[in-house]
Protein chains: 2
Amino acid sequence: MSLENLEEIEELIENKEFRKIKSELEDENVVDIAEFLSELENKYLAVIFRLLPKKKAAEVFSYMEKDQQMVLLDLFSDKEMKDVMDSMFADDMVDLLEDMPANVVTRVLGKVDKETREAVNKMLKYPDDSAGSIMTIEFVELAPDMTVAQALDKIRQVGIKSETVYSCYVVKNHELLGVVSAKDLMTNPVETPIADLMNENIISVHTTDDREEVANLFRKYDLIALPVLDVEDYMVGIVTVDDAIDVLTTETTEDMQKMAAMTVSEESYFDTSVFQHAKNRIVWLLILMLSSTFTGMIITKYENAFAAVPLLVSFIPMLMDTGGNCGSQSSTLIIRGLAIDEIHFNDIFKIVWKEFRVSMLVSLALALANGVRVYIMYHDLSMAVVVAFSLVFTVVVAKLIGCMLPVFAKMIRLDPAIMAAPLITTIVDLCSIMIYFKIATMVFKL
Amino acid sequence: MSLENLEEIEELIENKEFRKIKSELEDENVVDIAEFLSELENKYLAVIFRLLPKKKAAEVFSYMEKDQQMVLLDLFSDKEMKDVMDSMFADDMVDLLEDMPANVVTRVLGKVDKETREAVNKMLKYPDDSAGSIMTIEFVELAPDMTVAQALDKIRQVGIKSETVYSCYVVKNHELLGVVSAKDLMTNPVETPIADLMNENIISVHTTDDREEVANLFRKYDLIALPVLDVEDYMVGIVTVDDAIDVLTTETTEDMQKMAAMTVSEESYFDTSVFQHAKNRIVWLLILMLSSTFTGMIITKYENAFAAVPLLVSFIPMLMDTGGNCGSQSSTLIIRGLAIDEIHFNDIFKIVWKEFRVSMLVSLALALANGVRVYIMYHDLSMAVVVAFSLVFTVVVAKLIGCMLPVFAKMIRLDPAIMAAPLITTIVDLCSIMIYFKIATMVFKL
């Protein structure tokens with residue numbers, strides 16, 4: 001039997017076979033236990049939780065979902081609360097308390113020591129997307145005049161309470177002098193002075209730095225942890241690689257939501273209520289819907305044209321879709337390139353030139369394919385010419401708009417992700433319909 | 001002065017002031033040096049590279065771009081080649097050799113020891129997206145009957161050549177018995193037997209597992225490294241967190257490319273040629289362009305309708321855009337949820353029910369806004385009713401199609417990312433135009 005079998009465990013609880021459950025839980029990973037608890041009815045939550053050993057319970061608690069954490073916090077005795085909080089890292093505590101009501105925050109922080117309380121209070125004040133909000137304060141601090149042996153002793157003392165012991169920080173008067181890896185400590189003679197071993201070429205961030213830029217540093221330099229400095233350049237905490245991965249995931253999800261014209265939400269799909277989903281989606285839909293009425297108005301202007309040549313109407317969907325797709329291809333590549341630091345906004349001319357050449361190749365191929373198709377299907381050369389030329393202009397315009405808008409957004413410090421498919425499509429639609437009817441009225445002399 | 005100043009360094013090379021360059025490079029991070037080299041002209045490459053200390057040179061080499069690695073490989077003496085290869089990890093060597101011509105592969109592998117050569121050859125045969133292709137063979141292997149002191153000795157011996165020493169693997173007869181962290185080794189008494197310390201609840205993967213699933217395990221369990229087993233369950237290598245981050249980044253970029261109707265490419269934007277860009281984009285554009293001609297054909301069928309009521313044409317863009325946007329909102333949420341393992345395909349009924357309720361809320365709001373606008377602008381109640389009802393049906397259909405197709409794709413083991421905005425839009429367009437003209441002909445009795 002394993003944790004997979006929810007009903008069996010619920011039966012065991014009903015039958016009060018606690019020893020059996022305890023032995024089940026013993027070998028399980030904390031993440032798996034938290035996941036298992038999330039599927040359990042809330043009434044069983046406290047029972048199971050209290051079967052876990054103290055240290056493991058705290059770890060499981062960090063991985064639990066917010067609503068379940070709330071349930072437990074309500075049920076905890078003062079002693080239990082203190083035990084869990086003592087074993088929790090500051091960054092997990094900040095995650096826990098972020099959206100909690102003030103009375104819960106006060107009660108929880110009342111159970112931790114003064115130093116942690118002050119640090120957590122400070123971290124709660126950092127903006128949501130800053131390095132300060134994802135850092136933790138539990139790290140191994142070494143002095144430059146220590147030897148490797150003394151450093152190893154220090155790790156033995158504080159190791160359990162540190163989120164990572166694999167990067168150690170050499171600090172003097174709050175100032176970060178260098179970084180020593182645990183690998184260096186383990187592979188060098190015990191009498192080596194730390195000052196000789198430390199790497200002084202430090203990659204660090206400030207509490208107010210954007211968390212996405214912090215995460216990108218992990219990717220670029222293959223880091224396990226990164227020191228965080230405050231405004232006075234004092235070392236105040238570290239960010240660890242697991243938090244960096246979470247940031248990369250969250251930021252990507254947010255980018256995708258923006259790119260699909262939604263208001264950003266950090267909640268998971270199922271945790272978001274139907275009403276909230278609707279709210280997240282309606283704003284952009286309304287804006288874009290009203291914008292695309294302009295395209296409709298342009299069409300109304302050419303009523304006489306399609307009264308004379310009704311076939312004209314039937315190419316509108318193809319032109320609009322192709323324009324939208326071309327624009328979103330370009331904008332997606334640029335938005336992603338900007339996000340992972342592969343493209344910078346001073347590359348704008350290189351980008352435009354590249355997209356122009358790509359759009360020429362693509363548009364000629366599409367125009368040829370469609371021109372031939374129209375000629376074969378309708379035996380109407382003028383119509384084939386109109387469709388082909390409209391396609392060429394539409395594709396070129398779409399690709400140029402698609403690549404430029406994200407870069408402009410970046411320049412004026414907006415998020416490039418909002419300049420994605422939906423907005424680009426609406427703008428490109430307007431252009432393509434104008435181009436199309438302009439060309440049509442010229443060719444058909446309407 | 002720092003590496004930022006390209007021209008100054010080029011001047012230093014021209015003036016043969018090598019000692020100065022050498023001292024410049026001394027304090028720089030290997031990633032920054034590789035980045036700096038990528039901007040340097042190729043003719044200066046070897047000069048600078050040879051100024052680096054042996055060990056650092058190999059690290060820089062791993063971080064360099066492929067075309068520059070090629071240039072250097074051509075220039076290397078046998079001795080230089082051996083030095084660099086000896087310091088390189090097997091996974092970096094696989095990355096290097098993956099797309100190289102056979103003669104280069106042979107020459108490079110001729111310089112490494114037999115064991116490495118065999119391992120690299122094996123890894124080169126794993127599919128591109130498998131765990132085997134991203135693993136490395138340099139890890140710390142412990143025996144269960146060792147003590148902590150013996151384990152630390154072993155790390156001192158093999159630590160330099162291991163990609164990570166922070167996760168050590170307890171192996172007996174090739175079989176993985178447990179994992180010990182360096183933290184445990186550093187914080188426990190030296191006489192403790194490894195067998196007592198090791199965690200037997202091992203999270204592991206197989207060489208043939210999908211690399212994205214492997215990366216997702218890192219995210220879920222906050223890992224630093226993960227053991228890889230072969231078909232016989234023998235331990236053959238590890239995947240480290242930096243490679244997992246690279247996989248997450250690459251997979252997300254690929255998902256975004258697919259979602260924007262492009263053929264996937266692992267090359268960066270600027271490294272991809274104009275011709276290749278065009279090739280990556282044209283296939284889907286052609287497919288989607290031809291599909292949207294069906295929508296055009298439907299419109300042609302209703303020629304009499306818009307001949308009688310020309311205003312009908314002007315709402316086509318608004319309906320198409322809104323339908324497309326609604327569909328892509330739903331499909332984006334589902335595709336992302338599936339990718340990060342938040343949504344599973346047996347959630348299909350929960351998803352459909354949720355999206356249906358969301359679409360009811362959204363569509364009623366949009367229909368109301370637009371119906372009122374149409375009535376105010378054109379004083380035409382029938383037209384307002386047609387537009388409003390068409391919107392309601394279009395939005396509901398769009399959201400249902402948008403949420404179902406990615407899940408179906410997952411069910412039949414296709415990549416859900418191809419069921420994204422462009423394809424959904426094309427399908428939804430067809431539906432919305434049909435719905436619209438059906439309702440219009442009914443209301444206007446055409």
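Note that these values count all heavy atoms, side chains included, but never hydrogens, waters or copies made by symmetry. Convention: sequence-line order gives letters A, B, ...; per-chain numbering from 1.
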(request) Report, as yes or no, whether the 6.0 Å neighbourhood of atom CZ on B:Phe294 holds more than 12 heavy atoms from other residues, nucleotides or ligands. (result) no

(request) Sort B:Thr332 into side chain, backbone, both or neither according to what part of it lies under 4.5 angstrom from a heavy atom of chain A. (result) side chain

(message) How long is the straight-line distance from OH of A:Tyr302 back to OG of B:Ser314, given to the nearest 0.5 Å?
(response) 14.5 Å

(request) Output all residues satisfying salt bridge (Lys or Arg N to Asp or Glu O under 4.0 Å) with B:Lys258, sequence neighbours left out; order by chain, then residue number. (result) B:Asp415

(request) Check each atom of B:Ile203 against the heavy atoms of chain A and say whether the ones under 4.5 Å are side chain, backbone, both or neither. (result) side chain

(request) Just give me the residue among A:Leu319, A:Leu366, A:Val165, A:Ile299 that pairs up with chain B most often, heavy atom to heavy atom, under 4.5 Å. (result) A:Leu366

(message) On a heavy-atom basis, which atom in A:Leu285 and which in B:Thr322 lie closest, and how many Å separate them?
(response) CD2-O, 4.4 Å

(message) For chain A, which candidate among B:Ala420, B:Gly337, B:Gly296 shows the most heavy-atom pairs at distances under 4.5 Å?
(response) B:Gly296

(message) Counting heavy-atom pairs under 4.5 Å with chain A, which one of B:Leu311, B:Asn370, B:Leu290 comes out on top?
(response) B:Asn370

(message) Quick check for you: among B:Asp27, B:Thr295, B:Thr252, which has the greatest number of heavy-atom pairs under 4.5 Å with chain A?
(response) B:Thr252

(message) Need one label for B:Thr272: side chain, backbone, both or neither, based on atoms under 4.5 Å from any heavy atom in chain A.
(response) backbone

(message) Rounded at 0.5 Å granularity, tell me how far OG in A:Ser292 sits from CZ in B:Phe315.
(response) 11.0 Å

(message) Which atoms of B:Leu185 are under 4.5 Å from chain A, going by heavy atoms: the side chain, the backbone, both sets, or neither?
(response) neither

(request) Check each atom of B:Ile245 against the heavy atoms of chain A and say whether the ones under 4.5 Å are side chain, backbone, both or neither. (result) side chain

(request) Evaluate side-chain contact (heavy atoms from CB on, under 4.5 Å) for B:Leu248 paired with A:Leu248, printing each intermediate quantity in order. (result) CA-CA 9 Å; B:Leu248 288 175; A:Leu248 288 175; over 6 Å; no

(message) Let's test your reading of the structure: which of A:Thr253, A:Val362, A:Asp347, A:Ile282 forms the most heavy-atom pairs below 4.5 Å with chain B?
(response) A:Thr253

(message) Among B:Ala365, B:Ala261, B:Ala182, which residue has the highest count of heavy-atom pairs closer than 4.5 Å to chain A?
(response) B:Ala182

(request) Would you name the heavy atoms of A:Met256 and B:Asp255 that are closest together and state the gap between them? (result) CE-CB, 4.4 Å

(message) Within the 3.5 Å criterion, strictly below it, is a donor on A:Tyr63 or B:Asp222 matched to an acceptor on the partner's side chain?
(response) yes

(request) Pick one of side chain, backbone, both or neither for B:Ile351, based on which atoms fall under 4.5 Å of a heavy atom in chain A. (result) both

(message) Between B:Ser162 and chain A, with a heavy-atom cut-off of 4.5 Å, which part of the residue counts as in contact: side chain, backbone, both or neither?
(response) backbone

(request) Taking all heavy atoms of B:Asn29 and all of A:Asn201, pick out the closest pair and write down the distance. (result) N-ND2, 3.0 Å

(message) For B:Ile224, which atoms come within 4.5 Å of any heavy atom of chain A: side chain, backbone, both, or neither?
(response) side chain

(message) Given heavy-atom pairs under 4.5 angstrom as the criterion, report whether the side chain, backbone, both or neither of B:Gln157 touches chain A.
(response) neither

(request) Measure the spacing between CG of A:Asp341 and OG of B:Ser268 and express it to the nearest 0.5 Å. (result) 12.5 Å

(request) Select one option (side chain, backbone, both, neither) describing which atoms of A:Met289 are under 4.5 Å from chain B's heavy atoms. (result) both

(message) In the structure I gave you, are the side-chain heavy atoms of B:Ile343 and A:Phe270 within less than 4.5 Å of one another anywhere?
(response) yes

(message) At a 4.5 Å cut-off on heavy atoms, which part of B:Asp246 comes close to chain A: side chain, backbone, both, or neither?
(response) side chain

(message) Out of A:Glu35, A:Lys350, A:Arg336, return the one with the most heavy atom pairs under 4.5 angstrom to chain B.
(response) A:Arg336

(request) Examine whether an atom of A:Leu430 lies under 4.5 Å from a heavy atom of chain B, and if so say whether it belongs to the side chain, the backbone or both; otherwise answer neither. (result) neither

(request) Please look at B:Val241 and chain A and tell me whether the side chain, the backbone, both or neither of the residue comes under 4.5 angstrom of a heavy atom of that chain. (result) side chain

(request) Pick one of side chain, backbone, both or neither for B:Ala307, based on which atoms fall under 4.5 Å of a heavy atom in chain A. (result) neither

(message) Would you say that B:Met377 contacts A:Met297 through its side chain, given a criterion of any heavy-atom pair below 4.5 Å between the two side chains?
(response) yes

(request) Indicate yes or no for a side-chain donor-acceptor contact from A:Gln329 to the backbone of B:Arg281 under 3.5 Å, with no hydrogens or angles considered. (result) yes

(message) If you define the side chain from C-beta out and look only at heavy atoms, does anything of B:Asp321 sit under 4.5 Å from A:Asp429?
(response) yes

(request) List the atom of A:Leu286, the atom of B:Ala369, and the distance in Å for their closest heavy-atom pair. (result) CD2-CB, 3.8 Å

(request) Against chain A, label B:Tyr269 side chain, backbone, both or neither, depending on which of its atoms sit under 4.5 Å from a heavy atom there. (result) both

(message) As an exercise: rank B:Glu342, B:Lys354, B:Met318, B:Arg156 by heavy-atom pairs under 4.5 Å with chain A and give me the winner.
(response) B:Lys354

(request) Could you tell me the separation between the CE atom of A:Met262 and the CG atom of B:Leu333, rounded to the nearest 0.5 Å? (result) 4.0 Å

(message) Looking at A:Tyr378, I'd like to know if its OH atom is crowded, meaning that more than 12 non-hydrogen atoms belonging to other residues, nucleotides or ligands lie closer than 6.0 Å.
(response) yes

(request) Indicate the atoms forming the closest heavy-atom contact of A:Ile155 with B:Thr187, along with that distance. (result) O-CG2, 3.9 Å

(message) With chain A as the partner, which of B:Arg373, B:Glu200, B:Lys279 has the greatest number of non-hydrogen pairs under 4.5 Å?
(response) B:Arg373

(message) Is A:Ile335 close to chain B through its backbone or its side chain, or both, or neither, when contacts mean heavy atoms under 4.5 Å?
(response) neither

(request) Taking all non-hydrogen atoms of both residues into account, name the closest pair between B:Asn325 and A:Pro422 and its distance. (result) OD1-CB, 3.5 Å

(request) Examine distances only and state if a side-chain atom of A:Tyr166 and a backbone atom of B:Lys183 form a donor-acceptor pair shorter than 3.5 Å. (result) yes

(request) Using non-hydrogen atoms and a 4.5 Å limit, figure out which bit of B:Met259 sits close to chain A: side chain, backbone, both or neither. (result) side chain

(request) For residues A:Ile316 and B:Val313, determine if any side-chain heavy atom of one lies less than 4.5 Å from a side-chain heavy atom of the other. (result) yes

(message) Rounded at 0.5 Å granularity, tell me how far NE2 in B:His277 sits from OG in A:Ser359.
(response) 12.0 Å

